[in-house]
Amino acid sequence: MSNGSIPQTGQQREIAQERQEQEKRENTNRGPLQTKQGVTTIDESVVAKIAGMAAREVPGVYDMGNIARRAFNAITDRIPNAQTNVAGGISVEKGETQAAVDVTVVVEYGVSIVEVGNAIRRNIIEQVEGTTGLEVIEVNVNVTDVHLPDEDDEDSRGTDLK
C-alpha cells in the first residue's frame, strides 16, 4: 500500500525498521566459524591440545595435570613410539562461538605463581583465539604443586634401574 507518494505513519515506519534490523541480524555472521557459506565446528579435544601446547610454552611451567595424570604420563613416556598427551591437565567447555579453559599445572620453585598464571592465561587466549576463531571467555589456572630443584636428584636416582 505504501508507495513513494503516500507518507508512512509512525507505526508503519517502526515495523519497517524492525524488519530491516531483523534481516540484518539474520544475515550477520555470528563469528568467524559461522558464515553464510557454512559452519566450521571444532572439537573440544582440538581446543584442549592448543591450550596445552600454549601452557607448556610458558616459562616456569614444570608439568601439567594432577598427580594421577603425571604418573600416567611418566609411564607412557617410557613406551617407544607413544604419543605425548599435550592435552593432559586441560579441561575445555566449548559452545558454538566461545570456550572456557581450565588448566592444572605444576610450577617451578622460585617463580611468581601470579606471573606464571597470567602468562598462561594470555598465551592460551592468544593461541586459541588466533587458531580457532573461538572467543575465550575465561582461563582458570589451578596450581597443584611446586617442583623443587632437589626433586630432580630423587627422580634420577629412582629411575636408574640396573
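Just so we're clear, the structure is a prediction, and the values are computed from it rather than from any experiment. Count residues from 1 along the sequence.
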For a side chain to side chain contact (heavy atoms under 4.5 Å, CB included) with [X], tell me which candidate from [options] qualifies.
X: N142; options: T104, D102, V103; value: T104
X: L33; options: T132, I42, T97; value: I42
X: I15; options: E18, Q12, R19; value: R19

What distance separates [X] [atom1] from [Y] [atom2], expressed to the nearest 0.5 Å?
X: E96; Y: T41; atom1: CD; atom2: OG1; value: 10.0 Å
X: M53; Y: I90; atom1: CE; atom2: CD1; value: 11.0 Å
X: Y109; Y: D145; atom1: OH; atom2: CG; value: 13.5 Å
X: E135; Y: I125; atom1: CD; atom2: CD1; value: 9.5 Å
X: E108; Y: D63; atom1: CD; atom2: CG; value: 10.0 Å

Report yes or no: do I137 and I120 belong to one cluster of Ile/Leu/Val/Met/Phe/Trp/Tyr joined by side chain heavy-atom distances under 4.5 Å?
->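 In one cluster: no.
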Might you point out which heavy atoms bring [X] and [Y] nearest each other, and give the distance in Å?
X: A119; Y: V58; result: CB-CG1, 3.6 Å
X: V111; Y: G60; result: CG1-CA, 4.0 Å
X: A55; Y: M64; result: CB-CE, 3.8 Å
X: A99; Y: L134; result: CB-CD1, 4.3 Å
X: G65; Y: T144; result: O-OG1, 3.7 Å

Going through the checks in order, is the side-chain contact (heavy atoms from CB on, under 4.5 Å) test met by V136 and Q98?
-> CA-CA 6 Å; V136 179; Q98 296 178 326; over 6 Å; no
Scan residues 113-128 for pairs that pass side chain to side chain donor-acceptor pair (under 3.5 Å), counting only residues two or more places apart or in two chains.
->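 Output for this query lists E57-N123, N118-R121.
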